[in-house]
Amino acid sequence: MTATRPICVRCGTPLPEGHPPGRPCPRCLFDAGLGASAPPEGAGVSGSVEASAPPSPESIAPLFPALEILGVIGQGGMGVVYRARQKELGREVALKLLWARAAAHPALEERFLREARTLARLNHPNIVAVHDFGRTGEHLYLVQELVEGTNMRQALRQGRIEPGSALSVVTQVCAGLQYAHEEGVVHRDIKPENILIDGQGRVKIADFGLAKLLEPEGPRERLTQAGEAMGTPQYMAPEQLERPLAVDHRADIYSLGVVFYELLTGELPLGRFAPPSRKVEIDVRLDGVVLKALEKEPELRYQRASEVRTEVENIVNHPEAAPAAEPKKRSALFWIAVVAIPLFLVFLVCAAMIALYTGARVEGPEQVEAVPIESGK
Amino acid sequence: MATSGLPGGFATTRWSLIASLHGGDPRASRAALEELCAAAWYPLYAYARRRGLAVEDARDATQGFFVDLLERGDLARADRERGRFRSFLLAAFQHFLAKRAAAEGAQKRGGGRTILSLDFARAEELYGIEPADEASPEGLYQAAWARGLLDRVVATLGAEYDARDKGELFRALEGELAGDSTPRSELARRLGTSEGAVKVAAHRLRSRYRELLRQAILDTLADPAELEDELSALFEAVGGRRAETP
């Protein structure tokens, strides 16, 4: 086994040797053809993601007698999310149905139930709470806290996020991550889509651990319909791309770094990217925080999400005029050094030459005349 | 089933290829054999290797099998009644290997004679990178068949795009064949177009891919009604797992 194997762009599992990189893996390719012409009537979530409409609220209602299904909130690589009401409590919740093929995977189901139990234990203001989970019919499902608001992706689409808001989001994400990491849970798919913001500006991390939960356990046990299950390449730490099964919480810190960069600049830190302060007017000390979170080697990154939070809060609480103004100062000096000084020297040399040339006949005071003579040259 | 609309790979069904083998026209037979080989020989070779045949022996057996197909009347009875071409071919090969083993000592059929230039060096290379797990010879055959089929389908699709001077678009969107993988905004930027245009282009690419895939599989089936089953079988051959209907 080589350390780096290209992975399927769709499901994230390693590609067979010799498979063209960039092309989805054979499983995903066949899966895309399955049921394409005849999606089974009322068979629930099956077939390819885009080919089938999500099951209607009416069709799944019988599966969840304790819930009143109110409508579809969204649909993604992992499944469909419905708005629902718990009849007993009168509380509105988000019901997440995972794609059926995931449910047909016995080992996966077992692991899903095991991991979901851990997730249901997570209790933190910055993490979307899991109220219930299980299997019904062919579906694995999660009943989660309903967050009324938007996600960071939508917010980013609507326009640049104010640096102040970006910092508030990041510190809240750090708080949620730190708590989960202490509980031994790694998110593995931190990205703007999974960061929700409610009406009060409170941040909640969604789909905690779902990436791991839906991830194949071994090379013989692979999942095809999970879609984004293994993380989202643009936000994944280098080690997560190489050894998806062996990452620790520091992979989340890298992903947080990518999100941080994107929140500040509106761009992804791809290739040789510029520090954020080169792109937007922010405290240059933030560059150091973002870059350290984005270190390729996990050992060089922040080791705890709380460290990122502390540094950001320090910067927010101790604004320093000097560092913020530094780039401008430096650039003024730069222009002085590059343009003004040589110009001045040229002027001096010319003036000296003219002085020498004319000096034989004219005395010092006539030097003023050097100016029109020089410009005439 | 209409296949005329498909340039390249699947102009003829596999079953009609078998028929042309015995059609009497030697040139047509030869062409049919070569097309048949292109699709089938590596999976059969891998099967023989996984069965424990040494490199030389597997090479010999694969050549010999195709000699048989061409020269003997073995396949005369290979009509469409036999169902799936994939299964039929493996059964025929297994039969051939059994006969060959029985004829141990006598000159092996096909031995020493080369009728097709099969790139066995390349085959052994491919076999060398097959996962050395517990896959049975049959499992390996099915997987190699399935992957070969996909390779041809994607190559045909790529050729179609190339023919319309859209090769670049195809390569940019190849990752989206099985569904959205890369953010549309990213693709739009790469292609210098709008997200809406990317969405439409990816949708078209996927529709065409599915069409070609299903057609390629239909070509190997006697009964078109078996399409979904065969698709599932291939999906499982490459490690996929379908939802069981309760």
Side-chain angles (χ1 to χ4, degrees), chain A residues 1 8-13 16-38 40 43-46 48-51 76-77 99-106 108 137-138 153 157 193 216 219-225 227-228 232-234 268 270, chain B residues 125-126 128-135 143-144 146-151 153-155 158 171-183 185-186 199 202-203 206-207 209-217 227-228 230-246:
Chain A
M1 283 286 240
C8 173
V9 288
R10 175 113 186 97
C11 70
T13 55
E17 293 242 20
H19 189 85
R23 182 184 299 178
C25 72
R27 281 175 304 280
C28 287
L29 282 173
F30 277 119
D31 201 30
L34 274 167
S37 65
V45 197
S46 63
S48 72
V49 176
E50 64 157 18
W99 294 112
R101 220 160 278 136
H105 213 287
L108 181 87
E138 58 177 1
R153 172 64 66 216
R157 282 211 188 101
E193 287 82 349
R220 302 286 301 156
E221 180 195 315
R222 283 168 183 154
L223 184 68
T224 57
Q225 193 58 72
E228 303 149 37
T232 308
Q234 295 85 344
L268 288 169
L270 301 169
Chain B
E125 225 172 79
L126 285 176
I129 58 174
E130 290 290 357
D133 55 17
E134 72 278 20
R147 290 196 310 256
L149 183 108
L150 282 180
D151 283 348
V153 170
V154 177
R171 280 176 285 280
L173 292 181
E174 194 179 352
E176 316 303 299
L177 274 176
D180 288 332
S181 308
T182 315
S185 54
E186 172 67 23
K199 183 181 173 182
H203 180 74
R206 284 195 280 264
S207 308
Y209 161 72
R210 276 197 287 265
E211 237 173 86
L212 288 174
L213 175 68
R214 297 168 83 81
Q215 189 58 60
I217 295 171
L227 176 62
E228 288 298 328
E230 176 68 353
L231 197 42
S232 290
L234 294 170
F235 175 58
E236 279 161 23
V238 294
R241 192 173 169 122
R242 284 220 78 179
E244 291 119 29
T245 32

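Letters A, B, ... mirror the listed sequences (proteins, then strands); counts begin at 1. Bear in mind the structure is a predicted one, so any value in this text is a computation, not a measurement.
Counting heavy atoms from C-beta on, the side chains of B:L150 and A:H19 never come closer than 4.5 Å.
Of the residues listed (B:V238, B:L177, B:L234, B:D151), the one engaging A:L29 in a side-chain contact (heavy atoms from CB on, under 4.5 Å) is B:L177, and it is the only one.
Proximity to chain A (any heavy atom under 4.5 Å) is restricted, for B:L213, to the side chain, taken from C-beta onward.
The closest donor-acceptor contact from the side chain of A:R23 to the backbone of B:E174 lies at 3.5 Å or more, if one exists at all.
The heavy-atom pair separating A:P24 from B:G175 by the smallest distance is CG-O, 3.6 Å. Of all heavy-atom pairs between A:A32 and B:A178, the closest is CB-CA, 3.7 Å. The heavy-atom pair separating B:I217 from A:F30 by the smallest distance is CD1-CE2, 4.4 Å.
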